[in-house]
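Here the structure comes first, spelled out in structure tokens, and everything after it is commentary.
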Amino acid sequence: MGYDGLDDLIDAKGTEKQSDIHPDGGAIDFDFSLMCKQFSSIRLGSSPPVELYDGTASIHGDSGLWATKICREFLSSSVGEQLIDPDSLYETWHILYSGATNMDSATYIPDTLETETRQDLQFTVDKPSNLSQHGVKQNDGLVEVMLDQSISLIPGLSKRHARQLENCGFHTSRKLLQHFPRTYVDLQNAQVGIEDGQYLIFIGKIKSSRGIRASYSLSFLEVVVACDVVDNESPSTSRDDGADLMSDKADNGRKKTVFLHLKKFFRGTRFTYLPFLKSLEEKQKVGDIVCVSGKVRIMRSKNHYEMREYNMDVLQDEKDPSFCAQGRPYPIYPSKGGLSSNFLRDVISRALKVLPSNIDPIPEDLARDFGLLCLHDAYAGIHQPKSVKEAELARKRLVFDEFFYLQLGRLFQMLEGLGTKVEKDGLLDKYRKSEFNLINTDGWSMLTKKFLKALPYSLTPSQLQAASEIIWDLKQPVPMNRLLQGDVGCGKTVVAFLACLEVISLGYQAAFMVPTELLAIQHYEQIQNLLANMEAAECKLSVALLTGSTSTKESRLIRQGLQTGDISLVIGTHSLIAEKVEFSALRIAVVDEQHRFGVIQRGRFNSKLYYNSISSKISSKISEDSSKDSVIMAPHILAMSATPIPRSLALALYGDMSLTQITDLPPGRIPVETFVIEGNEPGFEKVYQMMFDELEAGGKIYLVYPVIEQSEQLPQLRAASADLETISQKFSGYNCGLLHGKMKGDEKSEALNLFRSGETNILLSTQVIEIGVDIPDASMMVVMNAERFGIAQLHQLRGRVGRGEKMSKCILVGSTDSSLSRLQVLEKSSDGFYLANMDLVMRGPGDLLGRKQSGHLPEFPIARLEIDGNIIQDAHLAALKILGDSLDLEKYPNIKAELSMRQPLCLLGD
Ligand SMILES: Nc1ncnc2c1ncn2[C@@H]1O[C@H](COP(=O)(O)OP(=O)(O)OP(=O)(O)O)[C@@H](O)[C@H]1O
């Protein structure tokens, strides 16, 4: 045959068949069964293992035996088997062996690495001294777990390998264990049939185990497992009598035996030596019943299958093989920085094997109360689940942790800002009281009561309740941090005004920050009108408007007024948080449409106002009647959100806030009639006709466009500026106006005022009107290219009409037929919370909140806000429970340590 021996044959095969270098990187992919046909000394199936390399044994025999002996002793000695990955036996052996023989660094190249990294990534041996560091150390009662120790301490990882993992962001075991499977493939029982590339699970008997030297620097272990499976092709098959484990008497005639060739490859000269290969072989005991799962590849010989990516468990006698062979999820990981899914699975499984069971900082009883797995089981369950249910339970626990530490961090930070236990308990109490049922205006100041009386309408029960809740909060010795939510047009502004008046009546100041100048002007005019209704002269307050367009002279005067305390209420844009603006006695800051401001901005706003209000207060020594406590108190914050945010999202974004919801609408509101129409020629004809009818009936129309100017890139989008002429011609008897974000401040308010007064009948606008614009007699809205907007955004836009008592219409013009179905949800519902939830589920939080705000959402590696709403509520309750029990977390040192490790506090931005 032209070969001197088997060594020579394998070496020659390795070099000859370059195409056989596996694309995964370097492992030689020769078909061992084919070779058996050529070289009769190798036999498969029931044949006993063949001592292939006796010749080399004489060269290294002594040191090999010595090393194997030490290796065995080493395993049974102090290090303890539980800390050693059975698969790393060869590596442990290597340490000892290399000490004796002083060989080059040994390497193991898992055949699971992607090509580009495969050459660089190598498993070598852990120093035994390191192994002991993987246990749990008791340190002053603190469980110092391995989770945050360096990745290099995972047994069997070479320095290079650890470095590569670190470069990909896996600095610690925690990082690695939190690299969650992207998906699970359905591992099926092989009895259903075997096809190339399938993930299957088998029960079989080990027939042989061979460590084979393939070349001077490459070796591999091949374990052959015989399994009985149903023969779908022929009714009767000759069977190997050793492989009848899965036989079912009824099926006896239709079974066949298949042979699995489980292969692991090793690169490195020292892995080609006999003692090492022997030690590999010995780990797999011929005759053992095993459960093997992984991906099968068909070999050239019939009924022979190769598996390079596999798990193998030896079954104990008492285990029911059929149970073990049940299908289960098989994790597939997202590859990262060139580390393949298979490689990551290998390393994660090593990390799991040394993961101590008592790593959970959360007390057992709390975990039980919320139906959670312990942390150890959760990591095991997510990475190596036995069932989909187990994976789901594990996921639930890990999602809970993400939310829990976020909530805990936020609440903890809030508590840290408070002085006394009474204040802290009071704050926690507030969070616990999700329902505040008391409507009580008795405690309100005279000024607030007069304002209430002078309103041209009565507040709805829900508005009254919200105002009661907020005003009650204002009287507490703790700064309020509250989010006021409600559907479009429910009347949040007036509730916020009531809160402002309450603090003003006590001699303090209020600031009202809104995201656009238009809205600032509108609010300013609205409060002036409402105050004008009040009879008593002493009720005349000094109110100022401060925006980017305020002249330098005027803004200097306003700043002076704020500093001296002459101005009681200032309404403005983010100019209010400019460094130069100082307050004399700021007591409440209202942040309207607060999700338009980034969290960082909000934080800056809070702390700035706090600082300024203290500094100016102390220096000017005004408000003699204020108690010392109130001097050092931060201002109350009332945030308002017009986009109804599902509670889960609100907790994630504003976990540090108490929530108040206005759940009803002012009386007499008629739901806006909504139509979805395709934007083709007949569609537009219909739309124009409806517009004519509306104008004839004395209505006012908003025409909303996705863009200002026509663009060459997106010619299908209708543009506001470009359409002005067309629409003006079409509706020649009526006046058309234009409003968009690129116009100057005064141009914008003029356009809006003309529309408000009725001089303009049709206002062509971009989505700039989405926020807060309140023109009660606007009765129709047409949204062009409506599919470009999110559901929640369209609901907001639609909320600009139907604010009076007139029946209003909203027409959503979709560009294509296929875009209509998504829009139709708006035809059916006018409930903002329902629609926000739909948007959350359909498009995720990013689209619901818009890019700016969603950029401030904390990162959740595993949680999905759209489906994990219940878990975040549980986490919120659990955080309250823990803090209620120990305000400074001293009773829960492990939780405190974990909290600081996760660093959720910086997410607050303040
Ligand atoms: N109880 C009420 N009865 C009648 N009208 C009311 C009542 N409360 C508020 N309004 C009026 O309803 C309109 C909408 O109020 P407001 O602008 O405060 O709503 P909003 O909740 O801020 O809505 P949006 O989020 O759309 O800005 C205003 O014209 C306001 O005067």
Side-chain angles (χ1 to χ4, degrees), residues 147-148 174-175 177-178 180 360-363 366-367 369-370 372 375 378-379 382 394-417 427-428 430-432 434 481-483 594-595 598-600 602-603 606 637 639 641 645-659 840 844-846 848-849 853-889 892 894-910:
L147 282 178
D148 291 296
R174 180 200 297 278
K175 284 271 176 204
L177 291 173
Q178 290 187 350
F180 300 118
D360 202 343
I362 292 184
L366 191 79
D369 286 354
F370 288 95
L372 302 171
L375 191 56
Y379 279 130
I382 198 92
R395 186 182 166 280
K396 181 184 166 191
R397 165 61 208 257
L398 297 164
V399 169
F400 178 91
D401 277 18
E402 286 178 5
F403 291 147
F404 173 73
Y405 290 105
L406 178 79
Q407 302 294 319
L408 192 72
R410 284 179 162 160
L411 292 170
F412 185 73
Q413 196 184 36
M414 292 282 293
L415 292 176
E416 278 210 311
L427 181 78
L428 287 180
K430 260 178 21 185
Y431 285 108
R432 276 188 213 107
S434 55
N481 197 16
R482 192 170 275 280
L483 178 70
Q594 80 114 31
H595 74 285
V599 176
I600 305 289
R602 172 163 66 99
N606 293 357
I637 301 290
S641 162
I645 301 177
R647 196 176 152 80
S648 61
L649 208 51
L651 275 173
L653 271 172
Y654 316 116
D656 52 336
M657 293 184 150
S658 349
L659 297 181
L840 184 62
L848 175 65
L849 297 168
Q853 178 67 352
S854 60
H856 295 292
L857 261 180
E859 258 184 46
F860 298 116
I862 193 167
R864 282 178 53 208
L865 287 168
E866 51 273 44
I867 54 171
D868 294 322
N870 292 340
I871 307 179
I872 198 167
Q873 304 220 35
D874 279 0
H876 187 69
L877 290 177
L880 284 172
K881 197 166 177 188
I882 290 288
L883 285 169
D885 196 26
S886 174
L887 288 168
D888 50 8
L889 291 179
Y892 300 99
N894 296 330
I895 290 185
K896 197 170 179 180
E898 179 75 19
L899 183 62
S900 63
M901 206 71 81
R902 291 190 177 230
Q903 299 177 322
L905 303 185
C906 61
L907 295 166
L908 282 173
D910 36 21

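Keep in mind that this is a model prediction, so the values were computed, not measured. Quick note: residue numbers are just sequence positions, from 1. Basis for what follows: all heavy atoms, side chains included, without hydrogens, waters or symmetry-related copies.
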Roughly how far, to the nearest 0.5 Å, is the [atom2] atom of [Y] from the [atom1] atom of [X]?
X    : Y    : atom1 : atom2 : result
L366 : L372 : CG    : CG    : 7.5 Å
L408 : I895 : CG    : CD1   : 7.0 Å
L398 : F180 : CG    : CZ    : 4.5 Å
L899 : L406 : CG    : CG    : 10.0 Å
L889 : F412 : CG    : CZ    : 5.0 Å
I382 : K396 : CD1   : NZ    : 13.5 Å

Answer yes or no: is there a side-chain heavy-atom contact under 4.5 Å between [X] and [Y]?
X    : Y    : value
D401 : Q178 : no
L375 : P361 : yes
D888 : L883 : no

Practice task
Take R174 and E898 through the test side-chain contact (heavy atoms from CB on, under 4.5 Å) and record every step on the way to the result.
Solution key: CA-CA 11 Å; R174 180 200 297 278; E898 179 75 19; 2.6 Å; yes
Handout entry: With sequence neighbours excluded, residues passing ring pair (Phe, Tyr, Trp, His ring centres under 6.0 Å) with F400
Key =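 Partners of F400 by the ring pair (Phe, Tyr, Trp, His ring centres under 6.0 Å) criterion, ordered by chain and then number, come out as F370, F404.
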Problem - Heavy-atom pair of closest approach, residues A378 and R397 - result: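 Looking at all heavy atoms of both residues, the shortest contact is CB-CG, 3.5 Å.
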Exercise for the section: Please name all residues satisfying salt bridge (charged side-chain N to carboxylate O under 4.0 Å, His left out) with K896, sequence neighbours left out, ordered by chain then number. Expected result: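 With sequence neighbours excluded, K896 shows a salt bridge (charged side-chain N to carboxylate O under 4.0 Å, His left out) to E890, given in chain and number order.
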Handout entry: Short N-O contact, D885 and K881, less than 4.0 angstrom
Key =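 Looking at D885 and K881, the cut-off is not met.
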